[in-house]
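These notes are about the structure you will find just below.
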There are 2 protein chains.
Amino acid sequence: MNVKYLNIYNEIISKIENDKFGTNAKLPSENQMIEEYNVSRDTIRKALNLLEQNGYIQKIQGKGSFVLDINKFNFPVSGLTSFKELTQKMNVECRTFLKELEKIPVDHFLKMQMDLLDDDEVWKVIRVREIGGKKIILDKDYFFTKYVPSLTKEICEDSIYQYLENQVGLKISFAKKEITVQQASDEDKKYLDFENCNIIVVVKNYIYLEDMNLFQYTESRHMPDKFKFESFARRK
Amino acid sequence: MNVKYLNIYNEIISKIENDKFGTNAKLPSENQMIEEYNVSRDTIRKALNLLEQNGYIQKIQGKGSFVLDINKFNFPVSGLTSFKELTQKMNVECRTFLKELEKIPVDHFLKMQMDLLDDDEVWKVIRVREIGGKKIILDKDYFFTKYVPSLTKEICEDSIYQYLENQVGLKISFAKKEITVQQASDEDKKYLDFENCNIIVVVKNYIYLEDMNLFQYTESRHMPDKFKFESFARRK
DNA sequence: AAGTGGTCTAGACCACGCG
DNA sequence: GCGTGGTCTAGACCACTTG
């Protein structure tokens, strides 16, 4: 890409991940970086602010910018990231099983969830995620057909997001997430490796495009003993 | 405060919350705001970027800035916010019961959780939160005595954060959060209104000061049927 | 006093949406 | 073509930390 501050941002991330900043983990000062990258101070500061927001560094006025301990603060699963992107980063062995793929009219349940009145059509995709040999997550995705005209078995088994962003050209922008704990349904028990517990962790995702239109609703249903949600937050 | 972009940020938030931007919910353009507030474009953009990050607005290049539906995206509980601040915003009836308050040496459990070796002392605070007449949350807080020299019953029953930031002058900066689901402990059953379930949702918080030192570890233990975690995320 | 990050300004050019 | 937001620059002054 042609955006300087994003290039610098990514470059610094990879330097942090490869431990290029020495033992005390102090970044060069902004003035040093201005010379190093040959850009203005504002461009450096944009990159540093992004790093700070995302938990990579901490800036302290009068002292400098410091790397936050990578093992403690990296890879929060709290963002808007696809399952494939997550597993690639975390380097775990996992498989995806496509259970259902069909085009259906919006029913009452979806009208409630997606807060709609009209008679749109959606793609319903049900997939099971297996990690370390155990079926742990049941993903139920619903995509508006008006944004996603076609969807195939191959795409669903690989990465739907990659397809939507690169092939279809959708601009996925933001999501509202919601985590609750519920009684497991018959569908959960049918698809997942339940033992003696009948509780399920439900992560609902309402996902919006850049034009603020809802295009996807997702329920990720997790086995409770394998569920872990991490995030990073800053005090306002 | 003397910071222009924060003043503008807060002013726009309150305008959004009071529905001052009309039906289509389009904000004035950046150029209009420059005149309205008599500041430079960069100052306006800082305020707007903050609003966008926190889910208040969506900017669309070539079109403008638009308010995100307040009912859908407001008040995410995912940040670094104290219980008192949350309940004040949400306008619910709740009570806090202080169960334990003592100064203890760091034990093995805390050494593991807080990743420490030395023999520091901590304040241990156990509080029960009652909402709508039901005891729903068990909060176990541990504060380093080196940062928090004194702590009283009155402070614990009001707002510890208010005391720490305003009286002690601590600069609370960021936190790592972790949500898991566990078997309920005897302590959970002793303090909370359990019925037939024996599962508890555990929200762990590791809270750091501006100088990157850990000063607090907190476990918020929630009844699963009352637990709901909401957050807002943007695609990178 | 020197160096660091924090805020603010004024101006330039670019990319996008719309009529 | 115009107005919108996105990026980049150069310079100023302030607040804070450290020696």
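Given the structure is predicted, the values throughout are model-derived calculations rather than measurements. Each chain gets a letter, A, B and so on, in the order the sequences are listed, and its residues count up from 1.
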Geometric class of the B:Tyr217/B:Tyr206 ring pair [parallel <30°, tilted 30-60°, perpendicular >60°]: tilted
Residue met sooner reading DNA chain C from 5', once B:Asp42 and A:Lys171 are mapped to nucleotides: B:Asp42
Side-chain donor-acceptor pair present, B:Glu178, B:Thr180, cut-off under 3.5 Å: no
Salt bridge (charged side-chain N to carboxylate O under 4.0 Å, His left out) pairs, two or more places apart, involving residues 152-161 of chain A: A:Lys84-A:Asp158, A:Lys153-A:Glu157
Leading and trailing nucleotides of DNA chain C with any atom under 4.0 Å from heavy atoms of chain A: C:dG3 to C:dT7
Output one line per pair: protein atom, nucleotide atom from nucleotides 2-4 of chain D, and distance, for all N/O pairs under 3.5 Å.
unit_1	atom_1	unit_2	atom_2	d
D:dG3	N2	B:Gly62	O	3.2
D:dT4	OP1	B:Ser29	OG	3.2
D:dT4	O2	B:Gly62	N	3.3

Closest-nucleotide 5' rank along DNA chain D - winner of A:Ser40 and B:Asn49: B:Asn49
Step-by-step side-chain contact (heavy atoms from CB on, under 4.5 Å) determination, B:Val201 to A:Ile179: CA-CA 11 Å; B:Val201 180; A:Ile179 303 175; over 6 Å; no
B:Phe174 vs A:Leu68, side-chain contact (heavy atoms from CB on, under 4.5 Å): CA-CA, chis, key distance, verdict: CA-CA 11 Å; B:Phe174 60 90; A:Leu68 289 182; 3.6 Å; yes
Stepwise ring pair (Phe, Tyr, Trp, His ring centres under 6.0 Å) check, B:Phe215 with B:Phe144: CA-CA 5 Å; B:Phe215 92 103; B:Phe144 274 104; 8.5 Å; no
First encountered from the 5' end of DNA chain D, between A:Asn38 and B:Glu210: A:Asn38
Ionic contact status for B:Arg127 with B:Asp141, cut-off 4.0 Å: yes
Approximate separation, where rounding is to 0.5 Å, of A:Ile57 CD1 and B:Met212 CE: 9.5 Å
